[in-house]
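Per chain, numbering begins at 1; letters A, B, ... match sequence-line order.
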Amino acid sequence: MISREDVAHVARLARLALEPDELERMRAQLDGILAYIDQLRAVDVAGVEPTSHAVPLVNVMREDAVVAPFPQEAMLANAPDRVGELFRVPRIIED
Amino acid sequence: MSAPAQAGWEVVIGLEVHAQLRTRSKMFCGCPTAFGAAPNSQTCPVCQGMPGTLPVINRTAIEYAVRTALALDCRVNAGCRFARKHYYYPDMPKNFQISQYEEPLAEEGLLEIDIDGAARPIGIQRLHLEEDVGKLLHEGTLATAQASLVDFNRSGVPLMETVSKPDLRSPEEAAAYLRAFRAVLVYLGVCDGNMEEGSLRCDANVSLRPRGSAGLGTKVEIKNLNSFRNVQRALEYEVQRQAQALEAGERIVQETRLWDADRDVTRPMRSKEYAHDYRYFPEPDLVPLQIDRAWVDAIRRDLPELPRARRRRFVAQHGLPPYDAGVLTQSRALADYFEAAVRAFPQPKLVSNWIMSELLRALPGDDERAIAGAPVTPERLAGLLGLVQDGTISGRIAKDVFERMLRTGQDAPTIVAREGLTQVADEAALAAVVDRVLAQNPRAVADYRGGKTAAAKALVGQVMKATGGKANPGIVNRLLEEKLSRI
Amino acid sequence: MTIHELAEAYRRGETTPSAVAEAHLARIAALDAKVGAFLTVTRERALAAAAAADARWRAGAPRGPLDGAPLALKDVLCTKGVRTTCGSRILEGFVPPYDATVVERLEAAGAVLLGKTNMDEFAMGSSTEHSAFGPTRNPWDLGRVPGGSSGGSAAAVAAELAAGALGTDTGGSVRQPAAFCGVVGLKPTYGRVSRYGLVAFASSLDQVGTFARDARDTALLLGAIAGHDPRDATSVDAPVPDYTAALAGGVRGLCLGVPREYFGEGIDPEVARAVREAIETLRGLGAVTEDVSLPTTDYGIAVYYVLAPAEASSNLARYDGVKYGLRTPGAKDLIEMESRTRAAGFGAEVKRRIMLGTYALSAGYYDAYYGRAQKVRTLVRRDLEAALARVDVLVAPTTPGVAFRLGEKADPLAMYLNDVFTVPTSLAGLPAVSLRCGFSAAGLPVGLQLIGRALDEATLLRVAHAYEQATGWLARRPALA
């Protein structure tokens, strides 16, 4: 059972502002999905290697060569808020 | 540091050093890594974390990390992979950092440092690669700013994190470790070691334990130690703070503190995330690395001579005192300078004296760029010493010439010729000056004849003064002696 | 007309890329208000590309069979200078400064890109109801969903608003809408097609796929987009075969595996019957069939709904209102701005998956969820690989049922279970194609799924082509005005 506190904690980690009713609905839905996922506990995975990649590749690298960066304006064009050449964000209060 | 408050406590310090690697391009994209460009002018969709972009590993960054790992006697893991480390911060464009977690590039090494003339090995726990974050500028200070500004130029620059074991026992040892570590990186050519520009950054974990105890006390992490001086001062402060707290029967709180260099204190940071929950998982956009034997061996073959080895060789091969060897090997550029000068003027101790007294008076010996770009090149220093050796100029004049060489970037013969600094060695010309000086100083002559041989020194001085210091002192002495004995 | 028919018509001078582009744009203008396939129509860009294609065909020097082909792109593929929304408010107004590799490759082949198609937000969904910009409807029955998440692309091809389209498939997002809309939908082997410029949902599963009206067009599209891309470290550096040449040869002697678990309870009898008949048709063409068992099939959904949300929670962390896209105004500090922007910008399904994924990765749960799911993923992969070591191709239904009504699957888990036959292949990274194999009594298309060995798309297309040639299903078209 996932608790309301767990859901609130996860919402903080994920930076999602959830309304109280949304939180409860989310709790119930996550609970249902997690219960379904719990069937994996029954699978014997002793000695089984995890799969992170479907295709077994290794050592894919690029040479250390400079490619011209994108024009400054192109990289700032989507900014929701900016001051000249810089992105602007509201003040940072660490929690 | 010998405050009574810590007499009963042993200091335990471990350092985490972040070094920007001197690759041409960034860790996962082709953007340049140069420092000081206009904000957001060295970015692309990849290092700005735009939707749809993918990272590709820079091979040279891997090689630089392996090179460092070998120099620190680390075990280079045959398999390693990247992982995503999650936390929200606006200077980190994807809100995760591509780093390494369970399978770092290298582990279990050591770095020897010198403490009171004795070598002491400091353990290295792990070495891994990650991407740097951008830079935040605050409108005002962090505490009072209404907004912050973000520049992503630095985002994605390769960063190598090396974590020491908690083997350091004093702030001095921590500073010595950092110096030794920096020297290794600079020798290897993997990092420019520039702390002011943030190429090298240091965090420390500090705890105290009762002397004789084997356990570890509660550790405090200190951030923002961005110069050698700050490392030592911050740790001295923190050791004192913890010792006083423990003496007063208080408990140490596990926390992260920030060194405030303006006020000379460490102060607690408001914790970045209530609980650090980085939610690491293997980076699905990158495939694992297999660093095989052949690759490691090839990198090992190209390793340059490291500072400690070079220092030993300077003593053995050039017959230098260990002190000189230590000073001259503080940076790769300085050691290279010395050896180049000795090749051109094979009198090592004399060259060493000149470097230590003259060159290092003008330039910081640990500044690779300054030394490598010194206006007086090793060849020109050798040329200057040659002029002294063949009697063209005196040693005293040579020091003036050296300063002019530094200022003008010209070589010694040019300056000596232009300024007419050649030693006067013409006996006839000097004899005339000596006669004049004797005539003008009857008192000194009388003193000399009365048995005060010291008066001769004053007369030599007068001759040198009259020739603007250019007279050959040997000839002046002989002429004076001859003439005085004849009077 | 199909892409290959258009190329033939261009060659003969019967029509021009510009005329065909205009006709498609006109059809979009006339019909798309009903279907809702497109989010953005790039009229100017399309007509400019068509005019250039006209000149090449006129000069007798086309770039190939895709030159002048009118195509659509799922709005999850980045297009330089053209807004790319992923069906989400949080990316409303985002204009990428670069093109996805597949977009570059299609344009290099001369394709005329008509616009960007609707999708479930960030490709999370199986119905295209979860788009922030409204649903797409199934051209065969406007009261039903087109499937998802690439529902806009599937519907555009089915409704002949585009000759072909690209979509993306993470757990079935190309094959399932292809089945629902009765078109050919191919999910290539993971790594076969570059993901660069594909806005990530679940990086270890996402793959660009194609929608077309037949196997030959599918071969043309795949041939244009497949191949190594140095910008995608997970892209496979292997030669790209001539898929069109590989269409010939028939199925005689091929061994087709019929997985028992794909015909169990929960499958619509109409779907089961159509698929069984298709298998009989293939036997009639000379293929051999063999019953196989894939015992881990039932775990696929559970594995998928750990891994995909976990990766999604990470990939979607970047949408924070700092660099691009939506920012909710008026927040007093950064955390409030980010939390409110994400709350306002993401829809319910995306939030649910971000929450699920964040939870699965959080301290103390990693081993129980993510770690374990990765291991079961290995078992699912081994199952499929073992079966494909014995048979050439697996033959199965694409979905348990035909297209459902809008709003019919309100419960998230019920929606997830719709992916039961497509997810295992995604987990194994194998190629699979869905093609039309009949209709339900209500006139809705049924999808036949062919699953192949890694990098063996050619055999899948060969079987699909042989089947199409032997049956008349492709003649039927949706009755849109």
Side-chain angles (χ1 to χ4, degrees), chain A residues 2 6-7 9-19 22 25-27 29-30 32-57 59-62 70-71 73-81 87-95, chain C residues 94-95 97-98 189-191 204-205 230 233-234 236 298-299 301-303 305-306 313 317 320-327 331-340 342-343 346 351-352 354-356 358-359 362 368-369 371-379 381 412-413 416 427-429 454:
Chain A
I2 184 167
D6 287 339
V7 176
H9 171 71
V10 171
R12 271 197 305 274
L13 276 178
R15 289 274 204 276
L16 281 173
L18 297 183
E19 301 298 325
E22 221 179 341
R25 199 162 57 241
M26 186 73 81
R27 195 204 63 74
Q29 287 169 340
L30 292 184
I33 299 164
L34 289 169
Y36 179 80
I37 288 168
D38 274 346
Q39 66 174 291
L40 295 181
R41 288 178 200 263
V43 185
D44 180 9
V45 292
V48 177
E49 283 294 306
T51 294
S52 326
H53 293 91
V55 182
L57 296 172
N59 288 3
V60 178
M61 286 171 274
R62 44 175 267 275
F70 272 50
E73 193 46 44
M75 296 311 298
L76 285 157
N78 280 293
D81 188 12
F87 294 86
R88 187 170 189 270
V89 298
R91 68 186 179 136
I92 300 171
I93 297 174
E94 282 159 350
D95 58 354
Chain C
F94 170 63
V95 180
Y98 76 104
T189 311
Y190 185 82
S204 78
L205 299 159
T234 62
V236 175
D298 279 351
Y299 297 129
I301 295 288
V303 170
Y305 280 94
V306 174
S313 72
D320 59 1
V322 172
K323 300 145 299 238
Y324 36 71
L326 183 73
R327 175 186 295 192
K332 63 183 188 314
D333 64 60
L334 178 76
I335 292 177
E336 189 190 323
M337 185 279 280
E338 291 173 334
S339 305
R340 282 176 44 194
R342 289 166 63 78
F346 292 133
K351 284 186 207 173
R352 202 147 43 230
I354 289 175
M355 290 289 293
L356 185 58
T358 304
Y359 180 72
S362 66
Y369 290 108
R372 175 164 281 265
Q374 278 193 316
K375 290 178 182 173
V376 182
R377 181 180 183 180
T378 304
L379 299 178
R381 207 187 72 204
L413 194 53
Y416 299 172
L427 295 173

Among C:Met337, C:Arg340, C:Arg342, the one residue meeting side chain to side chain contact (heavy atoms under 4.5 Å, CB included) with A:Arg15:
C:Arg342
Name the one of A:Val7, A:Leu34, A:Leu13 that satisfies side chain to side chain contact (heavy atoms under 4.5 Å, CB included) with C:Tyr359?
A:Leu34
Just by distance, do the side chain of [X] and the backbone of [Y] share a donor-acceptor pair under 3.5 Å?
X        : Y       : value
C:Arg372 : A:Val43 : yes
C:Thr358 : A:Val10 : no
A:Asn78  : C:Val95 : yes

From [X] [atom1] over to [Y] [atom2], what is the distance, rounded to the nearest 0.5 angstrom?
X        : Y        : atom1 : atom2 : value
C:Arg381 : A:Thr51  : CZ    : OG1   : 4.0 Å
A:Leu57  : C:Tyr190 : CG    : OH    : 9.0 Å
A:Ile33  : C:Met355 : CD1   : CE    : 11.0 Å
A:Gln29  : C:Arg352 : CD    : CZ    : 4.0 Å
A:Leu76  : C:Tyr324 : CG    : OH    : 13.5 Å

C:Ala454 portion near chain A, given a 4.5 angstrom heavy-atom threshold
neither
Chain A heavy atoms under 4.5 Å from C:Pro97: which part of the residue, side chain, backbone, both or neither?
both
Considering all heavy atoms of both residues, which atom of [X] and which atom of [Y] are nearest to each other, and what is their separation?
X        : Y        : result
C:Ser204 : A:Ser52  : CB-O, 3.5 Å
A:Phe87  : C:Lys323 : CE2-O, 3.6 Å
C:Ile354 : A:Ala14  : CG2-CB, 3.8 Å
C:Leu427 : A:Ala54  : O-CB, 4.3 Å

Where do C:Tyr98 and A:Phe70 land on the side chain to side chain contact (heavy atoms under 4.5 Å, CB included) test, with the steps shown first?
CA-CA 10 Å; C:Tyr98 76 104; A:Phe70 272 50; 4.1 Å; yes
Within the structure provided, determine whether A:Asp38 and C:Tyr369 are in side-chain contact (heavy-atom separation under 4.5 Å).
yes
Which of the residues A:Val48, A:Val60, A:Val55 is involved in the greatest number of heavy-atom pairs with chain C at under 4.5 angstrom?
A:Val48
Flag the one option from A:Glu19, A:Met26, A:Arg88, A:Arg62 with the top tally of heavy-atom pairs under 4.5 Å to chain C.
A:Met26
Which atoms of [X] approach chain C - backbone, side chain, both or neither, heavy atom under 4.5 Å:
X       : answer
A:Ile37 : both
A:Arg25 : neither
A:Glu22 : side chain

Top of [options] for chain A proximity - count of heavy-atom pairs under 4.5 angstrom:
options                                : answer
C:Leu326, C:Leu356, C:Val236           : C:Leu356
C:Gly429, C:Ser362, C:Ala343, C:Ala373 : C:Ala343
C:Leu205, C:Ile301, C:Thr234           : C:Ile301

Taking A:Asp81 first and then C:Arg327, would you say they form a salt bridge - that is, a charged N and a carboxylate O separated by under 4.0 Å?
yes
